[in-house]
Amino acid sequence: MNREELLGATPEDSGAPKKNESPLVSLEKDLEFYSDAIKEVSVEIMVEGISAHPIFIAHQHEVSIGELILNKEELNTDWTIQASTLEEFVEKGIINKERKEPFLKAYKKPENFMCVFVIVPEGANFVYFPYK
């Protein structure tokens, strides 16, 4: 995906004036749509004792972390979601062992918020999105 696709069509592409739309607008729409399913997986991860700190990866390409739970191709959405855990993020070095405690202090209640690791071509970052 190139930068123009990520940020939306330019006015020249569509023939009509159009503001560039951030990919986060479509992410917010998809997270609202996925909310119940993500919460269900989050609860399952915690109840089964897999982790007390579920992390969901939102991406538009292929990534090699977590388990696929919501496929954008199958659901006709813009973002694919994979489920992971804090432990896997530490194991794979995405979160340094030294940064684990500060991360946990910032980690919001998983009963109320999904912790989402958003990956875009420019980089990646954690966001917390409230469940419906």
Test side-chain contact (heavy atoms from CB on, under 4.5 Å) on Ile81 and Ile38 and set out the steps. CA-CA 9 Å; Ile81 306 293; Ile38 291 174; 4.1 Å; yes
What's the verdict on side-chain contact (heavy atoms from CB on, under 4.5 Å) for Phe56 and Val41, showing C-alpha distance, side-chain angles and the deciding distance? CA-CA 10 Å; Phe56 297 91; Val41 172; 3.9 Å; yes
side-chain contact (heavy atoms from CB on, under 4.5 Å) assessment of Ile57 paired with Val118: CA-CA 6 Å; Ile57 301 103; Val118 182; over 6 Å; no
Verdict with supporting geometry, Asn125 and Val120, side-chain contact (heavy atoms from CB on, under 4.5 Å): CA-CA 9 Å; Asn125 210 341; Val120 294; over 6 Å; no
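Each of Gln60, His61, Gln82, His59 was evaluated against Ile119; a single residue qualifies, His59, per the side chain to side chain contact (heavy atoms under 4.5 Å, CB included) test.
Between Glu87 and Ser51 the shortest heavy-atom distance is OE1-OG, 2.6 Å. Here the closest non-hydrogen pair linking Cys115 and Phe103 is SG-CZ, 4.1 Å. Here the closest non-hydrogen pair linking Pro110 and Ser42 is O-OG, 3.9 Å.
Within 6.0 Å of CZ on Phe126 lie more than 12 heavy atoms contributed by other residues, nucleotides or ligands. Counting non-hydrogen atoms of neighbouring residues, nucleotides and ligands closer than 6.0 angstrom, the CD atom of Glu111 exceeds 12 such neighbours. Heavy atoms of other residues, nucleotides or ligands lying less than 6.0 angstrom from CD of Glu32 number more than 12. Counting non-hydrogen atoms of other residues, nucleotides and ligands closer than 6.0 Å to NZ of Lys92 gives a total above 12.
Between Glu74 atom CD and Thr80 atom OG1 the span is 9.0 Å, to the nearest 0.5 Å. Atom-to-atom distance recorded for Met46:CE and Thr85:OG1 is 12.5 Å, nearest 0.5 angstrom. Between Asn112 atom CG and Tyr131 atom OH the span is 9.0 Å, to the nearest 0.5 Å. In this structure, Ile55 CD1 and Glu88 CD are separated by 9.0 Å, a value rounded to the nearest 0.5 Å. Atom-to-atom distance recorded for Lys105:NZ and Lys100:NZ is 13.5 Å, nearest 0.5 angstrom.
A single hydrophobic cluster is seen to contain both Val116 and Ile50, as judged by linkage of ILVMFWY side chains at heavy-atom distances under 4.5 Å, directly or through other members. Following chains of ILVMFWY side-chain contacts shorter than 4.5 Å, one can reach Ile69 starting from Val127, so the two form part of one hydrophobic cluster. Hydrophobic clustering (side-chain heavy atoms under 4.5 Å, transitive across Ile, Leu, Val, Met, Phe, Trp, Tyr) groups Met114 together with Ile45. Both Val90 and Val63 are part of a single hydrophobic cluster, where members link through side-chain heavy atoms under 4.5 Å apart.
Checking side-chain atoms of Asn71 against main-chain N and O of Glu73 turns up a donor-acceptor pair under 3.5 Å. The backbone N or O of Ser26 sits nowhere less than 3.5 Å from a side-chain atom of Asp78 that would complete a donor-acceptor pair. Without hydrogens or angle criteria, Ser84 side chain to Ile65 main chain gives no donor-acceptor distance under 3.5 Å. With hydrogens and angles ignored, the 3.5 Å screen pairs no side-chain donor or acceptor of Lys39 with any backbone N or O of Tyr34. At distances below 3.5 Å, at least one donor-acceptor pair connects side-chain atoms of Asp30 with backbone N or O atoms of Trp79. Ser35 contributes a side-chain N or O that, together with a main-chain N or O of Lys132, makes up a donor-acceptor pair within less than 3.5 Å.
Aromatic ring orientation, Tyr128 versus Tyr107: perpendicular (interplanar angle above 60°, classes split at 30° and 60°).
Side-chain rings of Phe89 and Phe117 approach one another, their centers coming within less than 6.0 Å.
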